[in-house]
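Source: prediction; values computed, not measured.
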Amino acid sequence: MIVLLAGLALMSMGQTVLFAIFGPLGRDMGLSELMIGGVISLSAIAVVVASPWWGRQSDRIGRKPVFVISALGLGLATLAFTAALEAGRAGWVTGLAAFALFAGTRMIYGLGVTGIQPAAAGWVADTTTAQERTGGMAMIGAAFGIGSILGPTLAWLLSGFDLLLPLYVIAVGGLIVAGFAWRFLPETRQRTERPTVSLSPLDPRLTATLATVVCVFSVIAGLQQTLAFYVQDIGQLTNVETARRVGQAFALLAAVLFATQILVAVRKPKPKRILLLGLILGATGAAVLLALPTPPGILVAHAFLGLGMGLAVPGLQGLASIAVGEDEQGTVGGLVAAAMAGGFALGPLLGTALYGFWPGAPYVLAIVLLLGAAIVSFGRPPQSPPRHHPL
């Protein structure tokens, strides 16, 4: 479990650290806000494409090989992306050439790292009962919370040395986790040559949950991608000052998110209940960010966002897992990961496009989406019992 959580945390670090450092660096290399958001979005599209496939492989060949390969991909692809940033910072590539290089290496990252989450979700589902499932999935969320803390915290603490140093740390960590997983991670699913279960995102058991996942992660990604611009433009800050202030806000968000998901793991509440509460609290955080764009207001807003997402994410994961049978757990984990990535593909593009129109527009959209999802979730009927397929 420690190996799984370490891999999930590093995967999260590889995502959240970019929100603190890539915006200012990209501007210096001649990239527009929309191009910077486009790099993140294209990477997320790669995750959308690859996640269901990785989920099916974890059901077919086992959780361990999928996890090991993806952890190795995390380390190597992060090194490739960091090398691309080094080239851009040295002036070897700028503008459209830099955009193409960053997007290409980040898409390789998305394709390679994607198996970590469905493998971990399948492993947790294999080792928990239906009653324990929400708590088990909250541990996955807690690992992402740890990574969300460490990613921006590294950007904050190491910004005085080198803005790219956190990426090197993450890359080495991914290679170490791959080695430990290969040596110590126990397998929980027997390899089978039979065809894996075909599970569609349009399956009526999953459509509402997956749509809400896309909505929530569009909000998360859009707010994260535009915060550095928001903070820098309002405060007229340097790149280093922006990275520090954004890192502080993200670290607080992640700390609250982590503590909330630990509480969920211990208490094991009903997933629909915590989902509804989380969506309302998240909308409150976006409203505070819109109304009080001061350093204290930004911190308060991210505390609300951390609390809201800390409840909503395990609620969504729990709803998806208990809706399907035991032989579909890896596959549904892949679909949830794809839906999350879909949000990360859509959110930065929407956020940066709206930010160019009016800096407050991304936060208005976040309020509307989260409250709309809450209304839909409140009226959602009880789920039907999961269908079981023979192995």
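Linking ILVMFWY side-chain heavy atoms closer than 4.5 Å, directly or via other members, places L263 and L305 in two distinct hydrophobic clusters. Linking ILVMFWY residues whenever their side-chain heavy atoms come closer than 4.5 Å, directly or via other members, leaves L175 and V169 in distinct clusters.
Counting only distance, with no hydrogens or angles, the side chain of S43 and the backbone of V39 share no donor-acceptor pair below 3.5 Å. The main-chain N or O of G115 is found under 3.5 Å from a side-chain atom of S70 such that the two form a donor-acceptor pair. Proximity of a side-chain donor or acceptor of R63 to a complementary backbone N or O of S58 within less than 3.5 Å is detected. Put simply, the side chain of W54 gets close to the backbone of L111: a donor and an acceptor are under 3.5 Å apart.
Ring planes of F22 and F81: perpendicular class, angle over 60° (limits at 30 and 60°).
Annotation for L10 and G174: closest pair CD1-N, 3.6 Å, computed over non-hydrogen atoms. Heavy atoms only, all atoms of each residue included: L185 and K64 are closest at O-CD, 3.1 Å. Between A338 and P52, the closest heavy-atom pair is CB-CD, 3.9 Å. The two residues A208 and T212 have their closest heavy-atom pair at O-OG1, 2.8 Å. Taking all atoms of both residues into account, the shortest heavy-atom contact from G14 to R106 is O-NH2, 2.8 Å. Taking each heavy atom of Q117 and L8 in turn, the nearest pair found is CA-CD2, 4.1 Å.
The number of heavy-atom neighbours closer than 6.0 Å to CG of L292, taken from other residues, nucleotides and ligands shown, is above 12.
Residues Y363 and T226 meet the side-chain proximity criterion, which asks for heavy atoms closer than 4.5 Å.
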